[in-house]
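Data block below; observations after.
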Amino acid sequence: MEKIQPYVKAFTAYLKSLNKSFHTTKQYTLDAKQFAEIIQHENKINEALQLYSKTIQEKYPSFNSVNRKFASIRHFLTFLQLRGVISVYNEEIIAPLTKQETELNVLKEKQFTRALAYWPKQYEIALNEEHEWLALRNTVIVFTVAELGIKPAELVRMEWKHINTEKNEIIVLASKSYRVLQCSKKLLELLEDYKHHTLEFMPLTENSPYVWLGVGNKMGEPVSVKTIERIFKAMSEQLQFKVTATNMRYHAIQKLLTKNEDPKVLYEQFGYARKGVLLEREQRFPKNS
DNA sequence: CTCCAAACTCACACGACTAG
DNA sequence: CTAGTCGTGTGAGTTTGGAG
């Protein structure tokens, strides 16, 4: 068997030619590179796979990680076969491991209440106008995630024109689709309040279409998901428990689940493609909470 | 055909680093 | 200090294949 390290580059080009997304290409390339590294001194494909499988399982504790890497390598092996670098191999060696159920991390009611109170408190104790504005923005961000249960990537895409004050509706742009969500009067008022403060604090951003702006940001550009992460990170550190956009999202979903909403309404509201995914999540919600 | 678990893909989480 | 980018690991979300 010839050395496969030189084929990693060609693999990347191959993935691009298949119109794989940026993320997928990047991840598969990374995995292929690691694979080539591990097996570089092996001569027989099945022995190489044995070594790889063993190395990966020792290095990564999570089943998901191992299985994702195996999936990458199956693609890579197919590619190598296409190029005639290898012929057949024993598929069993890198067959997916059977995965175990993991319980979802959902915010408890008490934690949820405390999380909501965090930024309003920061607003009260703000020492200057900038901190005050930031605290207000972060308050509205957290309230939006809490009520709508949307994901960070969806949040940062929000534009003022997506908000319909008459019909109490907000259009949420997902990666490949959009959905229209009902929202409370209170949230609309908060958004409006934040809009006015932003206009006063940063008048030059007046014609930015985006809702969530930053102080050290490129003029009129929305903040990134990294900033959303940091907003939750800051809360977590102060509050002594982990709050993320995702576990707040789950809190919102669970609330509706316990109210026995129609599943169809639920999976549409939270942007799931089909109800199966939601049912799977339901299994994994913590039992007594 | 329907349906759903497995396979696959995408993006969040988080640390390290950088800019202003 | 607030924010963006990049690298890496992993969980969330989407698609598919094959059972019925």
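Note on naming: letters A, B, ... go to the chains in the order of the sequence lines (proteins, then strands), and numbering restarts at 1 for each one.
A heavy-atom distance below 4.0 Å to DNA chain C is reached by these residues of residues 130-141 of chain A, ordered by number: Leu134(A), Arg137(A).
In terms of phosphate contacts, Tyr28(A) brings no side-chain nitrogen or oxygen within less than 4.0 Å of OP1 or OP2 of dC8(B). Distances shown here put a side-chain N or O of Thr244(A) below 4.0 Å from the OP1 or OP2 atom of dA13(B). A close approach under 4.0 Å does occur between a side-chain nitrogen or oxygen of Tyr250(A) and OP1 or OP2 of dG13(C).
Side chains of Tyr89(A) and Gln81(A): no donor on one and acceptor on the other come within 3.5 Å.
Taking for each of Gln27(A) and Lys226(A) the nucleotide of DNA chain C with the nearest heavy atom, the 5'-most of the two is the partner of Lys226(A). Projected onto DNA chain C by closest heavy-atom contact, Thr227(A) and Leu30(A) fall at different nucleotides, the more 5' of which corresponds to Thr227(A).
Heavy atoms of Arg230(A) sit under 4.0 angstrom from at least one base atom.
The NZ atom of Lys69(A) sits 15 Å away from the P atom of dG7(C) (whole-angstrom rounding).
Each of dC8(B), dG4(C), dC12(B) was ranked by its minimum atom distance to the side chain of Glu229(A); first place goes to dC12(B). Which of dG13(C), dT9(B), dC12(B) sits closest to the side chain of His75(A) comes down to dT9(B). With distances taken from any side-chain atom of Ser224(A) to the nucleotides dT9(B), dG4(C), dA12(C), the minimum falls on dG4(C). Ranking dA13(B), dT9(B), dG13(C) by closeness to the Pro152(A) side chain, first place goes to dA13(B).
With rounding to the nearest 0.5 Å, the separation of NZ in Lys121(A) from OG1 in Thr139(A) is 12.5 Å.
Tyr14(A) places none of its side-chain heavy atoms less than 4.5 Å from the side chain of Arg83(A). Residues Met235(A) and Trp119(A) are in side-chain contact: their nearest non-hydrogen atoms beyond the backbone lie under 4.5 Å apart. For the pair Lys110(A) and Thr113(A), the minimum side-chain heavy-atom distance is 4.5 Å or more.
Aromatic ring orientation, Phe11(A) versus Tyr28(A): parallel (interplanar angle below 30°, classes split at 30° and 60°).
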